[in-house]
Amino acid sequence: MPIHNREIADLFTRLADLLEIDGASPYRVRAYRQASETIAGLSEALSDPSREEKDYSRLPGVGESIAEKIATIVDTGRLPQLEELEERLPADLSEMMQLSGLGPKRVKALHQDLGVDTLADLKRAVERHRVRELAGFGAKTEQTIGERLARWEGEEKRTRLLEAEDIVAPLLRYLESIDGVKRVTVAGSYRRRKPTVGDLDILVTARKGTPVMERFSAYDEVREVVSRGDTRSTVMLRSGMQVDLRLVPQVAYGAALHYFTGSRSHNIALRRIGVKKGLKINEYGVFRDDERIAGGNEDEVYDSVGLPYIEPELRENRGELEAAKEDRLPRLIEPGDIRGDLHAHTRASDGRDSLEDMAEAAAQRGYEYLAITDHSRRLTVASGLDEKRLAQQIEAIDRLNERLDGRIRVLKAIELDILEDGSLDLPDAVLDRLDLRVCSVHYKFDLSRKRQTERILRAMDNPRCNILAHPSGRLIGERDAYDLDLERVLEAAAERGCFLEVNAQPKRLDLDAAGCRLAKEARVRVAISTDAHSASNLAYMRFGVDQARRGWLQADEVINTRGLDDLLQLLRRD
DNA sequence: GCCGTTTTCGGCCCGACTGTTTTCAGTCG
């Protein structure tokens, strides 16, 4: 079983944690953390034997020493340096550092002076009031640790974007309603549109003397005020979401927005560029010596270092700064580029609304077309369509299109199950009557990488397979992606004229950004589709567009930005 | 430990907040 990038990254994070507790050079610790982040963000598996680039030291933040360690991990699955360290320091100390308020120094003190080696030990020590005896700790610190420890269990670490939006919307309305508040913007990973967000960073500008922090603390949903200052406060909401609010001066708004949008890795790289030009970039502005030369808006910040504006979705330090420098940033797709939806269900299978309602809702959105893709017969739990029922639906759609009189075109389609042997679960004859066919894996997720990949390649061999839906099968926070050689799938898709889906369901977002980027490199175009199970679900489209943007995709790389005639042309595989 | 048309050595982002302190260490982002 080849080791995943995520696991390699975790080994380096644990090494960094234990080294930090051990008192190693902070720069050495940072080097391991940086390498860990780089590895976690790679789209290509380091352990893949067919990987072309074998020289790991060419990865950013990876030098000779870490490259060697990666090679050892890929070969043996082990990191000897970490194991040596774990002989002296309990491995669980690394986990303890995850608890907010506990850093390397405190964890070390707890371990050395109290023999606290695990979270369970920590809980006992807090209960027996042993923690407050330690130098540098007090009763307040002990109590805080106890409270956070109690909440630690069972609480989801990250929140999906849709749920985050549900938390953000009323909070923004509340903040904007405060008299004197001028601007309110959510920065952080929320603005970068990551599929999940850990906490919310909100920037506010306001007239002098506006009691922003008091009012923020008094928000109805606040469960705990973690900290409160004049320019920055942190609260925990009842939903479990942590929110940081920062009051920033208007003149520094762009600099602060940039700083707090991140990613941290992007910011550090940009600061480096600034330092070389004799500039200091921080959340208050861009400074030459002590003179502020920019900072009112983000354009100025980039302009000060000679770069064009970089969209938040690209700010992950994955080549966007280099691309900006060479003036080859992609012109990212926008929601308005989308001209139709190619994956939607009706009451005929497991959707909630009728064919007519779905068509009406799509027309309301200004779409030119909507593909109705109810499930096929294998998916009995979703009352999948057999040949006969599909034939009836084809006729129903023909009649509906006549009534719609060109307002919108409903495409005759289906979401086919890819069976275990790679065959599709309806006969070719009825499939030939459709405008397009979306193909999905809905069961047997646990096949080996080789068999799962072959299963999908086999499905794509059928010229009726147009779009491979939710290619990784992941459900965020619920189910991991199945093991699949995505690069081989993309290669095959490119050869056969198949497309891959960017499923816009907030639970799926599949392809993810890394997958989109791989598709782009493989010159495989994608369809951004909502997989709507109700008329209101059609609104999920923007979540898919977000991920496509994070994956550097342009409108011309997405097939449902095409007009109807162009699209139908593209879908012809023979 | 990484990195380099200012460097192969000497830098590495830095300010806010808390709690425990009598002037600052630890943590966070």
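The structure presented is a predicted model; accordingly, all values stated were derived computationally and were not measured.
- Separating the C1' atom of B/dC2 from that of B/dC13 is a span of 16 Å, rounded to the nearest Å.
- With a cut-off of 3.5 Å on both Watson-Crick or G-U wobble distances, the partner of B/dT8 is given as none.
- Contacts of A/Leu19 with the nucleic acid, taken as non-hydrogen atoms under 4.0 Å apart, are absent.
- The pair A/Arg193-A/Glu165 meets the salt-bridge criterion, with a side-chain N (NZ, NE, NH1 or NH2) lying under 4.0 Å from an Asp/Glu carboxylate O.
- As rounded to whole Å, 12 Å separates atom C1' of B/dC28 from atom CE of A/Met97.
- Comparing the same atom, C1', in B/dG15 and in B/dG4 gives a spacing of 28 Å after rounding to whole Å.
- The shortest distance between the side-chain N/O atoms of A/Gln242 and the OP1/OP2 oxygens of B/dG29 is below 4.0 Å.
- Ranked by how close their nearest DNA chain B nucleotide is to the 5' end, A/Glu64 and A/Leu99 are led by A/Glu64.
- Rounded to whole Å, atom C1' of B/dC2 lies 13 Å from atom CZ of A/Phe12.
- The backbone N or O of A/Ser94 sits nowhere less than 3.5 Å from a side-chain atom of A/Arg14 that would complete a donor-acceptor pair.
- Inter-residue side-chain proximity for A/Leu511 and A/Leu486 is flagged as met; some heavy-atom pair is nearer than 4.5 Å.
- Per the geometry, CG belonging to A/Asp199 stands 6 Å off P belonging to B/dG29, to the nearest Å.
- B/dT20 sits 11 Å from B/dG26 when the C1' atoms are compared, rounded to a whole Å.
- A/Leu79 places its CG atom 12 Å from the P atom of B/dG1, with the value rounded to the nearest Å.
- Taking atom C1' on both B/dT8 and B/dC3, the two are 10 Å apart, rounded to the nearest angstrom.
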Going through the distances and angles, do A/Ser265 and A/Gln34 end up as a side chain to side chain contact (heavy atoms under 4.5 Å, CB included)?
CA-CA 8 Å; A/Ser265 173; A/Gln34 177 67 43; 4.0 Å; yes

List the protein contact pattern of nucleotides 19-26 of chain B with one symbol per nucleotide (5' to 3'): B for base contact, S for sugar-phosphate-only contact, - for none; contact means a heavy-atom distance under 4.0 Å.
SS-----S

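- Taking the six-membered ring where tryptophan is involved, the planes of A/Tyr302 and A/Tyr309 are perpendicular, since the angle between them exceeds 60° and thus also 30°.
- On the C1' atoms, B/dT23 is 15 Å away from B/dT18, given to the nearest whole Å.
- For B/dG1 and B/dT7, the P atoms lie 25 Å apart once the distance is rounded to whole Å.
- Using atom C1' as the reference point in both B/dG11 and B/dT6, the two lie 13 Å apart (nearest Å).
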How does protein reach along nucleotides 8-16 of chain B, written 5' to 3' as B (base within reach of a heavy atom under 4.0 Å), S (only sugar-phosphate), or - (no contact)?
----BB-SS

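- Whole-Å rounding puts the A/Lys108 NZ to B/dT27 P distance at 12 Å.
- Taking syn as a glycosidic angle within 90° of 0, B/dT22 does not qualify and is anti.
- At least one side-chain heavy atom of A/Asp121 sits under 4.5 Å from a side-chain heavy atom of A/Arg124.
- Protein atom CD of A/Glu147 is 14 Å distant from nucleotide atom C1' of B/dT18, rounded to whole Å.
- For the pair A/Glu283 and A/Val248, the minimum side-chain heavy-atom distance is 4.5 Å or more.
- One can place CG of A/Asp22 at 16 Å from C1' of B/dG1, the figure rounded to the nearest angstrom.
- Legend: salt bridge (Lys or Arg N to Asp or Glu O under 4.0 Å) pairs involving residues 299-310 of chain A, not counting sequence neighbours: none detected.
- Across all strands, A/Gln81 comes closer than 4.0 Å to no nucleic acid atom at all (heavy-atom distances).
- Within the cation-pi definition used here (under 6.0 Å to the ring centroid, within 45° of the axis), A/Arg58 does not qualify as a partner of A/Tyr56.
- Note on A/Val29: nothing from the nucleic acid sits closer than 4.0 angstrom, heavy atoms only.
- Spacing between atom CG of A/Leu18 and atom C1' of B/dG1 amounts to 17 Å, rounded to whole angstrom units.
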I would like to know whether A/Lys69 and A/Ser65 meet side-chain hydrogen bond (donor to acceptor under 3.5 Å, both in side chains); could you show each step before the answer?
CA-CA 7 Å; A/Lys69 292 183 175 68; A/Ser65 162; 3.0 Å; yes

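- Here the side chains of A/Phe137 and A/Arg132 are not in contact, with every heavy-atom distance at 4.5 Å or above.
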